[in-house]
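Comments concern the structure below.
Hydrogens, waters and symmetry mates play no part in the numbers below; they use all other heavy atoms, side chains included.
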Amino acid sequence: MSSIAHELAKKQKEISVSEFFEKNKQILGFDSLTRALITSVKEAVDNSLDACEDASVLPELIIKVEKVENNEYRVTVEDNGPGIVKKQVPNVFARLLYGSRFHTRSQRRGQQGIGVSAVVMYGQLTTGKAATVRSKISDEDVAYECDLILDTKKNRPDIIKEDFVIWDRVHGTSFQIHVKGKYITGKQSIFEYLKGVAIVNPHAKITFVPPEGNTVVFERATEQMPPPTKEIKPHPEGVELGELLSMAKYTESLKMTSFLNNEFSRISYRVAREICELAGVAPDARPDKLSLEEAGAILEAIKKVKIMAPETDCLSPIGETLIRKGLKNVLGGLTPEFYAPPVTREPKVFGGNPFVVEVGIVYGGELNREEPIQILRFANRVPLMYQQGACAITQAIQTVDWRRYGLEQRGGQGIPYGPAIVLVHVASTKIPYTSESKEAVANIPEIKEEIELALKHCARRLKTHLNKAAKKGKAKVKFEIVQDIIPMIAEKSAKIVGKPVPDIAGTITKIMNVVWIDDSVTFEKKKHHVSVKIYNYTPKSQALHLHMLVPYDKVDQKSLEVKPIEVREGNKVTWDLKRISSTEVYELAFDLVGVPQEQYDDNEVYVSHIDPASVIGVEVLPGDWDLEHLKITEEGPEETMDEGEEGEVDYDEVAEVVKNEE
Amino acid sequence: MKNNERNLRAVDRLTDLAGEVYDQIDSGKIPKMMIPLRTKGNIRFDPKSNVWKYGKAMGARTAKKLTGAQMLLRTMYMLEFIEDMIKDSKSSTLREMYYISEGWAKAKFSTQDESNMLAEDLEIITTCMREDFKLRPEEDGARVIGNVTIQEMDRKGKKKKINCRDDVGDSGYGMPYNVEKEKIQFVDCDADFLIAIETGGMFDRLVENKFDEDAHAIIVHLKGQPARSTRRFIKRLNEEMKLPVCTFTDGDPWSFRIHASLAYGAIKTAHLSEFLATPTAEFIGITASDILNYELPTDKLSDKDIQALNAEKTDPRFNDEFWKHEIDLMLEINKKAEQQALAKYGLDYVTDKYLPEKLTEMGIIK
Ligand SMILES: Nc1ncnc2c1ncn2[C@@H]1O[C@H](COP(=O)(O)OP(=O)(O)OP(=O)(O)O)[C@@H](O)[C@H]1O
Ligand SMILES: [Mg+2]
């Protein structure tokens with residue numbers, strides 16, 4: 001018996017992680033030539049952006065892809081980040097599972113310590129060439145440069161060559177690698193990936209030099225860095241047994257209670273004692289002596305005591321304004337009809353990790369109407385390019401019944417069709433990916449539900465817009481009748497019969513019998529010009545309250561003739577319009593000064609103190625002005641355009657038929 | 001063309017029409033015009049004249065709707081244009097009027113169909129004819145061959161006698177768009193009947209085969225759906241020269257409609273049926289029965305054909321035993337045939353065999 005055990009023991013040697021990954025390239029994102037090239041760029045770019053943000057510098061990235069021969073490309077990614085100290089360079093780039101992110105809880109692109117070393121390994125496996133890294137930190141006058149190979153048996157770096165070189169950068173890192181790959185353009189391409197990066201990182205300037213064709217520059221859309229994110233300790237709720245044991249083993253704390261208090265967030269000494277008591281573990285027991293049973297008891301106890309939800313200031317969502325800016329920046333030439341105001345949800349928690357979901361929708365205009373909507377998936381500001389179907393974001397989109405929000409969708413599920421781009425961003429201190437290649441967010445119920453809620457929330461804003469547009473479209477037809485055609489008929493008939501032009505007021509009010517409100521906003525000379533025109537097409541004079549959501553402190557008071565009767569919370573503005581005579585056109589107009597163009601591109605106008613049935617063109621404010629935009633009933637007033645008198649046949653509708661008869 | 005009383009009456013009527021619209025606006029109403037519906041559901045047989053005319057159903061053209069408002073505006077422009085033409089002793093073709101509307105801003109027509117229809121609307125409302133409005137069709141009238149002598153007033157006001165057999169070439173006498181008495185008079189006619197042919201190919205075949213002489217016939221080419229002048233010309237020959245009329249067309253639903261508009265009155269111009277239709281005209285073929293009896297080469301009915309046949313089943317003009325039978329039979333065999341399909345049996349077959357047989361059967365030749 002014992003001889004067999006000895007036999008086996010000979011075979012039981014440590015399998016190097018590098019060896020393992022060498023055999024499993026696909027889970028790291030190198031399963032095809034095209035994808036391998038994109039992954040190489042992506043890992044380096046992710047790191048550069050992380051590094052810049054760590055150092056609070058506005059990222060400036062240069063990505064160069066050159067064709068060396070047939071299937072071999074040279075990829076260079078250069079950043080203006082803080083640089084890496086000489087001692088760390090080899091480990092960072094040529095040692096798997098070596099990184100600064102793995103043991104911290106903060107919102108970062110990198111979280112495993114695999115990324116760029118895997119690229120180095122892939123490069124040397126496919127081309128036999130070493131990676132070249134150049135890095136300079138601001139303390140040094142010269143940059144450190146080295147050629148690196150990863151020893152896949154030992155998972156240790158081999159430095160082939162090293163030197164100090166003059167570099168005209170103050171600080172930064174340049175990473176160059178030769179890889180086997182295939183360069184393509186179109187849907188899943190490096191260009192699309194970088195475009196995605198630019199959308200969710202509007203503070204970055206990205207220059208792309210492709211193997212052929214022209215250099216593309218994604219200029220930054222804002223000079224504002226995302227607020228720095230705090231690092232947090234793990235929240236006890238999501239901790240697993242093994243994790244707890246290894247944390248206990250390596251902690252510097254000498255007592256159970258101080259261990260719990262120091263290594264976890266939201267555990268005070270009082271709570272720590274409570275946990276120990278419940279678990280039957282002595283509060284001053286040494287953590288490194290923690291047994292398996294005790295650890296299990298502690299986990300059970302954690303579930304029972306009341307622990308505050310994790311702090312959420314560790315997250316850095318992109319925010320409404322920048323999502324909008326980013327989308328605009330990238331749509332470039334295409335003019336959509338509508339940007340639904342983006343939604344950033346309140347942070348929530350899964351398995352002890354706080355996360356936040358954001359959604360933006362762009363609709364209509366020049367976007368393609370015949371195809372499925374375009375989905376832009378992002379996790380911690382990284383665009384996700386592959387495995388769309390496996391991703392919780394896609395699955396959430398498929399679950400929503402988009403027909404209710406104005407998009408086509410067969411059977412009310414699946415990816416909807418229509419002229420829309422849906423952007424979803426999930427930010428977390430730990431994104432649960434389906435695999436190490438970080439291409440799909442795992443289907444965690446809490447996350448999927450939040451995505452769904454955010455989608456619905458944003459879609460409702462789209463629907464409100466579509467309702468408004470449809471109503472306006474209908475009213476516009478009537479408007480053309482009374483505004484253009486009736487006056488011409490009056491004039492011509494008068495001319496033929498040789499009488500003075502008749503007054504058309506009576507006719508007009510009979511045709512419309514509504515108050516028509518038409519608002520517009522234009523941007524010129526750094527000012528928004530806002531105009532709300534009220535056409536009283538009813539036979540009586542009308543009075544109403546007009547409400548608008550505008551940053552009132554930015555209103556140029558000189559441009560505003562009629563002062564509001566109330567301004568609440570700085571932007572809820574109400575005017576009392578006391579008398580608009582029948583057929584009068586009343587205009588309320590003003591300029592906004594000092595508001596960035598994209599921060600105000602659609603008016604929110606409501607009315608009250610008037611019969612809702614007689615107003616078209618704006619929503620009616622339901623009672624309480626405190627209601628949020630989205631809570632306002634989506635059903636506006638029923639339209640009162642009665643068609644034709646009782647039983648009367650429309651001659652011209654019938655005539656259509658006759659034409660085709662003979 | 002000089003203004004005559006009819007033109008002046010047209011001006012009065014049109015001014016009244018504008019006056020109505022003016023008064024409606026002036027009294028704060030929504031301008032509206034009531035017009036008899038020009039649909040197959042609204043044509044009634046008039047036993048006095050034996051033709052189909054519009055019934056009592058009216059449709060409203062109201063400014064409440066965009067199309068209605070546009071049509072009313074166009075009406076105003078058209079009225080002004082017609083009145084100006086009459087004032088200036090000018091005239092224009094319907095096509096010219098369509099192009100003139102280019103300058104009418106919002107009243108511009110989008111197709112010539114639209115402007116033609118409106119001209120007809122005005123005829124109906126004012127009980128005038130479009131000639132009274134100085135509007136004329138640009139389409140040249142049909143061709144005629146046969147022993148009938150016509151006196152035509154030419155451009156210079158000179159009267160010219162033309163014999164439609166001896167004084168014309170192989171393409172025959174070309175009808176002017178105005179075939180009224182002041183322009184054309186029938187001097188003499190030596191024929192037993194008039195045969196109206198749908199296609200040019202068949203007209204030429206009959207001419208080449210000297211069918212006019214052999215059968216003692218006047219041959220008229222309809223050029224598809226016959227123009228007003230063609231129908232008017234045939235009606236006058238029928239009435240004034242006591243000439244029996246028959247139609248010879250392709251065998252398909254559209255050809256049935258050609259005969260209907262010639263014999264019973266067209267839906268689109270039912271206000272003029274009394275003036276244009278020849279109620280005694282008879283249909284020779286090609287009928288569905290002919291397709292079977294003569295074993296003619298055929299085509300399958302298209303979806304449109306089937307739709308058209310089904311529509312004819314509810315068309316009051318086809319509501320008699322003969323048509324019901326033929327329409328049902330055509331639907332049943334699901335086939336149609338061209339008149340030139342008779343060439344299957346040789347070029348002379350149509351004149352030697354088919355027509356003599358059919359005409360005898362119908363009692364037109366003895
Ligand atoms: N351009 C750079 N500038 C500064 N530091 C860098 C740069 N690139 C990498 N690093 C450092 O090297 C570490 C290892 O990077 P690597 O991509 O291997 O792992 P990661 O980014 O931590 O995790 P992931 O596997 O999820 O990408 C990073 O954590 C970071 O500390
Ligand atoms: Mg990384």
Per the salt bridge (charged side-chain N to carboxylate O under 4.0 Å, His left out) rule, which among Lys32(B), Arg74(B), Arg61(B) passes with Asp652(A)? Arg61(B)
Taking 4.0 angstrom as the limit, do Lys65(B) and Asp650(A) come out as a salt bridge? yes
Rounded distance (nearest 0.5 Å) linking atom NZ of Lys510(A) with atom CD1 of Ile25(B): 12.0 Å
Could you tell me which portion of Lys29(B) (side chain, backbone, both or neither) has an atom closer than 4.5 angstrom to a non-hydrogen atom of chain A? backbone
Write down the atom of Ile511(A), the atom of Ala63(B), and the distance for their closest heavy-atom approach. CD1-O, 3.7 Å
Arg38(B) versus Tyr651(A): any side-chain heavy-atom pair under 4.5 Å? yes
What one should report as the nearest heavy-atom pair of Thr507(A) and Gln24(B) is OG1-O, 4.4 Å
Checked Gly28(B), Gly59(B), Ala18(B) vs chain A; the most non-hydrogen pairs under 4.5 Å come from Gly28(B)
For chain A, find which of Glu80(B), Met58(B), Met33(B), Gln70(B) contributes the most heavy-atom pairs closer than 4.5 angstrom. Glu80(B)
Top residue by heavy-atom pair count (under 4.5 Å) with chain A, among Leu79(B), Leu37(B), Leu14(B), Thr75(B)? Leu37(B)
I'd like to know which of Ala69(B), Ala260(B), Ala57(B) tops the heavy-atom pair count under 4.5 Å against chain A. Ala69(B)
Atom pair CD1 (Ile485(A)) and CE (Met71(B)), whose distance is rounded to the nearest 0.5 Å: 11.5 Å
Contact origin within Pro487(A) toward chain B - heavy atom pairs under 4.5 Å: neither
Using non-hydrogen atoms only, which part of Asp16(B) is less than 4.5 Å away from chain A: side chain, backbone, both, or neither? neither
Engaged part of Asp484(A) at the chain B interface, taking heavy atoms whose separation is under 4.5 Å: side chain
For Glu366(A), does the CD atom sit with more than 12 other heavy atoms under 6.0 Å from it, leaving out its own atoms? yes
Which value, rounded to the nearest 0.5 Å, describes the distance between Ile508(A) atom CD1 and Ile30(B) atom CD1? 11.0 Å
Exercise: identify the closest heavy-atom pair between Pro502(A) and Tyr22(B): CD-CE1, 3.4 Å
Please identify each residue that fulfils ring pair (Phe, Tyr, Trp, His ring centres under 6.0 Å) with Tyr535(A), with sequence neighbours left out. Phe479(A), Trp516(A), Tyr537(A)
Candidate pair Lys478(A) and Lys64(B), rule side-chain contact (heavy atoms from CB on, under 4.5 Å), full reasoning: CA-CA 8 Å; Lys478(A) 296 249 163 180; Lys64(B) 213 185 279 183; 4.2 Å; yes
Under 4.5 Å to a heavy atom of chain B? For Lys499(A) that would be both
Return the minimal non-hydrogen interatomic distance between Trp104(B) and Met488(A), and the atom names on each side. O-CE, 4.4 Å
Winner by heavy-atom pair count (cut-off under 4.5 Å) against chain B, out of Ala505(A), Ala490(A), Ser493(A): Ser493(A)
Across all chains, not counting sequence neighbours, the ring pair (Phe, Tyr, Trp, His ring centres under 6.0 Å) partners of His528(A) are Phe523(A), Tyr600(A)
Chain A contacts, top residue of Leu66(B), Asp26(B), Asn116(B) (heavy-atom pairs, under 4.5 Å): Leu66(B)
Whatever's closer than 4.5 Å to a heavy atom in chain A on Glu83(B) counts as side chain
